[in-house]
Protein chains: 2
Amino acid sequence: MANQLDSFFAAMADPTRRAVIERLTDGPAPVSDLHAPHDIALPTFLKHLKKLEAAGLVRSEKAGRVRTVHIEAAPLKAAEDWLHRQRRAWEGRLDRLDALVRRMEQETRE
Amino acid sequence: MANQLDSFFAAMADPTRRAVIERLTDGPAPVSDLHAPHDIALPTFLKHLKKLEAAGLVRSEKAGRVRTVHIEAAPLKAAEDWLHRQRRAWEGRLDRLDALVRRMEQETRE
DNA sequence: GCATTACCTAGCCACATGGCTAACCAACTC
DNA sequence: GAGTTGGTTAGCCATGTGGCTAGGTAATGC
């Protein structure tokens, strides 16, 4: 397996990493800026970044001694679509069930 | 923390559990039916179900010796919304950036 | 009422994860 | 060129996760 969605959802399961994503929606930022609000050691934080990058949620380039990180929107869209499909399928089923119930009520009334 | 989203995304990070969710979109099913297509031991599978239930993605009731499992759509919606907000924020930023670039080009031409 | 079915509990194992410290390197700054 | 800054690597630790087997219990079927 090791699906695209596997690493995506795993990446999003951590609050630190979700906070980074939220932060990056208003623009690229260097590692130290991203790290600042989080009360954990830098190496620990770097592991989180690495996981985000591995999941393709984020890209980064190093210039001089600063590494700048940007968000990558495509995987967000992919996951959103997957969730949407499930929800649609589920709601579609409820609609069909509803119609069925209505039809049966109709028939018993005749 | 231990956010709602934490357990949700963690639950969705496993292909077996996603498959269960997909399956449940076409209606409730007993544990053994859900288990059948997966080539893992029942107790292992039960752990997956428990995690889905703990994340509020699924409910189940036992009647006689069979436990029937149904999907719970609300958390799907919540996560979908969260992802959507992030994507919107990101795209909004790109739009503003685009407008800014256009304005600057305009000004240099004058 | 004995056997089968459907699920559950307990307990084990290997590996992944999220945290840390220590030590390092390369690039700026003064 | 010495010191500071920004990031990186290595290695350790506790806990969590996903897998298993063995054994149990309560309904149902024959």
Side-chain angles (χ1 to χ4, degrees), chain A residues 1-24 27-71 75, chain B residues 1-24 27-71 75:
Chain A
M1 293 290 130
N3 200 298
Q4 185 81 8
L5 288 174
D6 276 39
S7 55
F8 172 83
F9 281 121
M12 301 309 282
D14 184 283
T16 299
R17 291 191 297 257
R18 281 200 308 279
V20 169
I21 292 298
E22 289 184 355
R23 164 64 216 272
L24 287 177
V31 169
S32 42
D33 280 22
L34 292 174
H35 172 234
H38 301 283
D39 196 21
I40 62 179
L42 217 217
T44 307
F45 184 74
L46 285 184
K47 279 198 194 174
H48 287 300
L49 280 188
K50 224 172 228 176
K51 201 157 282 190
L52 286 172
E53 195 146 14
L57 274 160
V58 128
R59 267 175 314 117
S60 73
E61 290 114 32
K62 194 160 183 176
R65 60 184 169 172
V66 292
R67 175 176 295 280
T68 303
V69 185
H70 350 221
I71 202 173
Chain B
M1 291 288 128
N3 199 297
Q4 186 81 8
L5 289 174
D6 277 38
S7 56
F8 172 83
F9 282 121
M12 301 310 281
D14 184 283
T16 300
R17 292 191 296 257
R18 281 201 308 280
V20 169
I21 292 298
E22 289 184 354
R23 165 62 217 274
L24 286 177
V31 169
S32 42
D33 280 22
L34 292 174
H35 172 233
H38 301 283
D39 196 20
I40 62 179
L42 216 216
T44 307
F45 185 74
L46 286 184
K47 278 198 196 174
H48 286 301
L49 280 187
K50 224 173 228 175
K51 200 156 282 190
L52 286 172
E53 195 147 15
L57 273 160
V58 127
R59 269 176 311 118
S60 73
E61 290 113 32
K62 194 159 183 177
R65 61 183 168 173
V66 285
R67 175 176 296 278
T68 303
V69 185
H70 351 220
I71 203 174

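A note on names: the letters A, B, ... follow the listed sequences, proteins ahead of strands, and every chain is numbered from 1.
Closest approach of B:Ala11 and B:Arg17 over heavy atoms only: O-NE, 2.8 Å.
Within the nucleic acid shown, A:Thr44 comes within 4.0 Å of at least one base atom, counting heavy atoms only.
Between A:Leu46 atom CG and C:dG19 atom P the separation is 13 Å, expressed in whole Å. Here C:dG19 presents its P atom at 13 Å from CG of A:Leu42, a figure rounded to the nearest Å. Rounded to an integer number of Å, the gap from CG of A:Asp33 to P of D:dT5 is 15 Å. Separating the NZ atom of A:Lys47 from the C1' atom of D:dA14 is a distance of 12 Å, rounded to the nearest angstrom. Taking atom CZ of residue B:Arg67 and atom P of nucleotide C:dT9, one finds them 9 Å apart after rounding to whole Å.
You'll find that the side chain of A:Ser32 is closest to D:dG7, out of C:dA27, C:dC7, D:dG7.
Note on B:Arg65: every side-chain N or O is 4.0 Å or more away from OP1 and OP2 of C:dT4. Note on B:His48: every side-chain N or O is 4.0 Å or more away from OP1 and OP2 of D:dT17.
No donor-acceptor contact under 3.5 Å links the side chain of A:Lys62 to the base of D:dG7.
Side chains of B:His70 and B:Arg59: no donor on one and acceptor on the other come within 3.5 Å.
Between A:Gly64 and B:Val31, the residue anchored closer to the 5' end of DNA chain C is B:Val31, taking for each the nucleotide with the nearest heavy atom. Each of A:Ala63 and A:Asp14 lies near DNA chain C, and the nucleotide nearest A:Asp14 is the one positioned closer to the 5' end.
Contacts between residues 50-58 of chain A and DNA chain D, defined by a heavy-atom separation under 4.0 Å, are made by A:Lys50.
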